[in-house]
**Student:** 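A single structure is presented below for examination.
One-based numbering, in listed order, for ligands and for the atoms of each.
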Amino acid sequence: MKNNIYVTQPYLPPLNEFIPFLEKIWKNKWLTNNGPFHQELEEKLCEYLGVKHISLFTNGTIALVTALQALRITGEVITTPYTFVATAHSLQWNNIKPVFVDIDPGTCNLDPEKIEESITPQTSAILAVHCYGNPCEVERIQEIADIYGLKVIYDAAHAFGVRYKEESLLVHGDMSVLSFHATKVFNTFEGGAIVCPDAKTKQRIDFLKNFGFADEVTVVASGINGKMSEVNAAFGLLQLQYIDDVVSTRKKVDGKYRKGLNGVKGIELMSINENVAGNASYFPIFVSQEYELSRDELYEQMKEHCVYGRRYFYPLISDMPMYRGLESATKKRLIKSNEVAEKVICLPIYSGIDDIDVERVIALIAR
Ligand SMILES: *Cc1c(COP(=O)(O)O)cnc(C)c1O
C-alpha cells in the first residue's frame with residue numbers, strides 16, 4: 001500500500017517541548033488579552049522578520065478585515081482574482097467593491113501595468129498578494145499608489161520570512177498581513193498578524209482587534225474580537241525555534257523538484273528571482289498544451305497514485321458566484337489569470353516529506 005502524499009503537512013515540534021509553555025499558562029492563569037507569550041511572540045517576530053511593529057491576530061482573515069478598517073479604506077479596491085478567497089472576502093466584509101486586475105504570469109502577482117486603467121474616483125487602495133511568496137513589484141505599485149493617493153495593503157499570507165533585496169518583503173506598503181494557519185510555513189494552529197511601520201498605527205490596530213477598547217471605559221471604534229490566545233502564541237514561540245530548519249528542508253525539496261522536472265516537455269516552473277530569498281512555501285507547476293495529458297488528467301492521475309496536489313488557484317475568485325457579476329470579473333479583462341488557473345498544480349512540499357515520496361511525485365509527472 002502506498003502512503004498518501006498531501007500538498008502540505010504542518011510542522012509540529014516535539015510535544016514534550018510544548019508542555020512547559022502550558023504549565024506556565026496554567027500557573028499564571030493569563031489566557032488571552034495581550035498576555036506574556038503574546039507580547040514575547042510579537043517581539044520575537046519583529047526581530048526574526050526584520051520589521052518594526054506587528055500585531056497578532058486570531059487568524060489571517062480577521063487581520064485582513066481589520067487592516068482595511070485601520071486604514072479606513074472605502075469604495076473600490078484594486079485586487080487580484082488569483083488568490084485564496086479570503087483576500088476578496090475581506091473587502092466584501094467591509095462593504096468595499098473589489099476591482100479585479102489581471103496578473104503577470106511570470107510571478108502570478110498583480111500586473112502593475114494594468115492597475116492604472118482600473119482606477120476610478122472611488123478607488124482608495126490596492127490590495128495585492130505576494131502569491132506563493134513571490135514578491136509583487138513593490139516599487140512600481142508604490143509609485144502608482146503615490147501618484148493617485150492610494151493606500152497599499154499586501155496580503156502576505158504566503159510570504160513569511162521572505163526577503164527582497166536584502167530586507168524583509170513586509171516593510172513595503174502601508175500594511176502587510178500574515179496568516180499562521182496550520183497549512184502555512186509558520187503556524188500557530190490558527191493565527192495571523194498585521195505588520196505596520198509605526199507605533200501609532202499599531203495602537204489603532206490593537207484597539208480594533210479588542211472591540212475598540214482604548215482603556216477600561218473608552219471605546220474608540222466599532223472593533224472586533226481578533227485577539228490571539230496565549231496557547232497559540234506559546235506554540236508560535238516554540239515553532240519559531242524550528243523555523244529556519246523548516247524553511248531549509250522545504251528549500252531542499254524545492255531543489256529536488258526543480259532538478260527532477262527541469263526539461264520535462266510541457267511542464268513549466270516558476271523562474272528564480274535573484275533579488276529574492278524565498279520560503280519555498282509552494283511549488284506550482286504549469287501544465288501546458290505540450291504536455292501529454294491535460295492539467296486535470298494529470299491531477300486525477302496523481303490522485304489515483306495517492307498524490308494529492310492542489311489546483312491553487314482554481315477556480316478564480318472572479319468566477320465565484322458572489323463576485324462573477326462584477327464588471328471587473330469578465331474573462332476578457334483577466335486573460336492571464338484564466339490561463340494560469342487552467343494550468344496550475346501545486347505539488348506536495350513540507351519539511352517532513354520523504355525523499356522517496358518526492359521521487360514518486362517527480363516520476364508521476366516526468367513519466
Ligand atoms: C491562508 C490565506 C489567507 C487566510 O488566512 P487564515 O489565517 O486562514 O484566515 C488569506 N490570504 C491568502 C492568500 C492565504 O493563503
**Student:** Does K114, at its NZ atom, have more than 12 non-hydrogen atoms belonging to other residues, nucleotides or ligands within less than 6.0 Å?
**Tutor:** yes
**Student:** List ligand 1 atoms under 4.0 Å from T83, heavy atoms only on the residue side.
**Tutor:** 13 (C)
**Student:** Is the NZ or CZ atom of R250 positioned over Y11's six-membered ring, under 6.0 angstrom from the centre and within 45° of the axis?
**Tutor:** no
**Student:** H158 and K184: which non-hydrogen atoms are nearest, and at how many Å?
**Tutor:** CD2-CE, 4.3 Å
**Student:** Among K252, R360, K256, which residue meets the salt bridge (Lys or Arg N to Asp or Glu O under 4.0 Å) test with D355?
**Tutor:** K256
**Student:** Is a side-chain donor or acceptor of Y82 paired with a backbone partner of V129 at a separation under 3.5 angstrom?
**Tutor:** no
**Student:** Can you check whether G60 has an N/O within less than 3.5 Å of an N/O in ligand 1?
**Tutor:** yes
**Student:** Considering only heavy atoms of A86, which atoms of ligand 1 have at least one such atom less than 4.0 Å away?
**Tutor:** 4 (C), 10 (C)
**Student:** Go through it in stages, so that I can follow the logic: the residues are H130 and Y154, the test is ring pair (Phe, Tyr, Trp, His ring centres under 6.0 Å), and I'd like the CA-CA distance, side-chain angles, deciding distance and then a yes or no.
**Tutor:** CA-CA 7 Å; H130 301 301; Y154 286 107; 4.5 Å; yes
**Student:** Which atoms from ligand 1 have a heavy atom of S179 less than 4.0 Å away?
**Tutor:** 1 (C), 5 (O), 6 (P), 7 (O), 8 (O)
**Student:** Under 3.5 Å, is there a donor on one side chain and an acceptor on the other for N134 and N109?
**Tutor:** no
**Student:** If we only consider heavy atoms of K184, is any one of them less than 4.0 Å away from an atom in ligand 1?
**Tutor:** yes
**Student:** Determine, considering heavy atoms only, which of Y312, F84, Y82, F57 sits nearest to atom 3 (C) of ligand 1.
**Tutor:** F84
**Student:** How far is atom 15 (O) of ligand 1 from its nearest protein heavy atom, and which residue and atom name does that atom have?
**Tutor:** H158 NE2, 2.8 Å
**Student:** Output the list of atoms in ligand 1 that are nearer than 4.0 Å to some heavy atom of A157, sorted by atom number.
**Tutor:** 2 (C), 11 (N), 12 (C), 13 (C), 14 (C), 15 (O)
**Student:** Tell me whether A63 reaches ligand 1 (any heavy atom closer than 4.0 angstrom to a ligand atom).
**Tutor:** no
**Student:** Students should be able to answer this: which protein heavy-atom is nearest to atom 8 (O) of ligand 1, and at what distance?
**Tutor:** H181 CB, 3.7 Å
**Student:** Note the single closest protein heavy atom to atom 11 (N) of ligand 1, along with its residue, its atom name and the distance in Å.
**Tutor:** D155 OD2, 2.7 Å
**Student:** Counting non-hydrogen protein atoms only, what is the nearest one to atom 4 (C) of ligand 1? Give residue, atom name and distance.
**Tutor:** T61 OG1, 3.6 Å
